[in-house]
Every structure is written in structure tokens, then in C-alpha cells.
Amino acid sequence: KAGVTQTPRYLIKTRGQQVTLSCSPISGHRSVSWYQQTPGQGLQFLFEYFSETQRNKGNFPGRFSGRQFSNSRSEMNVSTLELGDSALYLCASSFLGRGADTQYFGPGTRLTVL
Amino acid sequence: ELKVEQNPLFLSMQEGKNYTIYCNYSTTSDRLYWYRQDPGKSLESLFVLLSNGAVKQEGRLMASLDTKARLSTLHITAAVHDLSATYFCAVDMEPGNTPLVFGKGTRLSVIA
């Protein structure tokens, strides 16, 4: 069974630009969660999608948004990039959703904002 | 606001020794998770603890949850070098209603 895939793996952008990250969950999984990891703030939860509906959102500004498609693939968008958005962005999938089931993480997308 | 504290943040231990990592949290919850992260890699889910008194074991790692004390422990038995990694705990108050909150992680180094 293929694992969680994330594209692209590395990305360099400049301040003010926007970026879209993609996550393909394990086949059959309906939940996708997104996390941001930085040296300063550590791991922070961004949001979770389940069957195309956002279930929960972390404490991030509205510049961070996401969506999930009918095939459970998810995208995360960050608009008007700031230097502080440089981070490793992880997505994780599970069948029943966070809190009920083991999450499987993708390799991450490392975003650098210059 | 839910706060999750792990200690120690850094741990250097000899092969063959036992040690415990602690995860304290500030608000009532009965859902706690442990993850492992190798340098430069993604997260790996280790344990999902869903009730008071839950205990799970996998190899040399054992995790437990005491919801009354708001404490989870990750016990390492007879450490080996392959266990060197950063370990995170995370607490979930109400999946679907509140964000998952992570501890800062414990960087474990097992030396010969």
C-alpha cells in the first residue's frame, strides 16, 4: 500500500507570493491533517479535513487555508508569504480521523521564504 | 488554553539503561499520542492512548496515560542506539473541536 505523498518536497518562494502544497493520503483514508514545524514554535496543528469538510482549525491567520477533494487529496494554500512561514509542512492521513485512529505522516514539504 | 510540557527536553543515555520521558498537560483530556521523529525526517506515530490507565507497548517502548494526574510517560527499556530520535507527545481535548497541541519534544541520544 502506498504511503502518504506530499508534493513538492522542497519549495523556495519570496515574501508576498503565495504557495499551494499538495497531500495525497493513503488509499481509503478519509481524514487529512496538516501541521507546521519550525525550530522556534515546534509542531503546530493547522487543520483537519474529513470527507471534504474542515473539522478543525488551529490558531493560524486566514492566510492559511486548505481544502479536500472528493478523492481525499488535500491542498494547503498560504497567501502573502512571510519570512516566518518558512517551515516543514507535514500532512497526515487516517481512516477514521484524528483522535480515533493512527495517523500516517507524509515526508513533508520544506518551504523556504526569502 | 491547553499547555503540554515534556521533560526532559534533552536526554543522553547509555545503551542498556532504562529511562522515562514525561508529558504533563494542563487541561482535562483522555486522548494522548506519542510520535517519533528522526533527524530530517517526518513523524512516525508510536502510540494512541485513549483512556485513563491505558498502557501500550511496542518493543522497548511502553507508554501509559494517567488522566487524573494529567500525565503520560514513555518508558524506554534497555536502550539501543536505534532509539535515538526526538519523541513528541500531543494532547487532544476534543477531536473535531479543538486543535491538537504538541509538546516541545525530547531529543534522545543513546550512546555506547
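So that the names make sense, note that chain A is the first sequence line, chain B the second, and so on, each numbered from 1.
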**Prompt:** Going by heavy atoms in the side chains, are Phe88(B) and Gln37(A) under 4.5 Å from each other?
**Reply:** yes
**Request:** Between chain B and each of Ala92(A), Pro107(A), Gly58(A), Gly42(A), count heavy-atom pairs under 4.5 Å; write down the option with the most.
**Result:** Pro107(A)
**Prompt:** Just how far is it from atom OG1 of Thr102(A) to atom CG of Leu46(B), taken to the nearest 0.5 Å?
**Reply:** 10.0 Å
**Prompt:** Any link between Leu2(B) and Leu32(B) through a network of hydrophobic side chains (Ile, Leu, Val, Met, Phe, Trp, Tyr) touching at under 4.5 Å?
**Reply:** yes
**Item:** Verify same cluster id: Trp34(A), Leu81(A) (apolar side-chain graph, 4.5 Å)
**Value:** yes
**Complete:** Honestly, the part of Leu43(A) sitting under 4.5 Å from a heavy atom of chain B is both
**Rounded distance (nearest 0.5 Å) linking atom CZ of Phe105(A) with atom CG of Leu43(B)** = 4.5 Å
**Message:** Is Phe47(B) in contact with chain A via its backbone, its side chain, both, or neither, using a 4.5 Å heavy-atom distance?
**Reply:** neither
**Asked** Are Leu71(B) and Val101(B) grouped together when hydrophobic residues (ILVMFWY) are joined by side-chain heavy atoms under 4.5 angstrom apart?
**Response** no
**Message:** I'd like to know if the side chain of Ser42(B) and the backbone of Gly108(A) have a donor-acceptor N/O pair within less than 3.5 Å.
**Reply:** no
**Request:** Spell out, yes or no, whether Leu88(A) and Val19(A) are grouped together once hydrophobic residues are joined by side-chain heavy atoms under 4.5 Å, including indirect joins.
**Result:** no
**Message:** With rounding to the nearest 0.5 angstrom, report the NZ to CD distance, Lys104(B) to Gln41(A).
**Reply:** 7.0 Å
**Request:** Answer yes if Leu108(B) and Tyr19(B) sit in the same cluster of Ile, Leu, Val, Met, Phe, Trp and Tyr residues linked by side chain heavy atoms under 4.5 Å apart, and no otherwise.
**Result:** yes
**Request:** Mind listing the closest non-hydrogen atom pair of Phe45(A) and Leu100(B) along with its distance?
**Result:** CB-O, 3.4 Å
**Asked** Taking everything shown except Tyr22(B) itself, do over 12 heavy atoms lie less than 6.0 Å from its OH?
**Response** no
**Message:** Are more than 12 heavy atoms, taken from residues, nucleotides or ligands other than Asn71(A), located less than 6.0 Å from that residue's CG atom?
**Reply:** yes
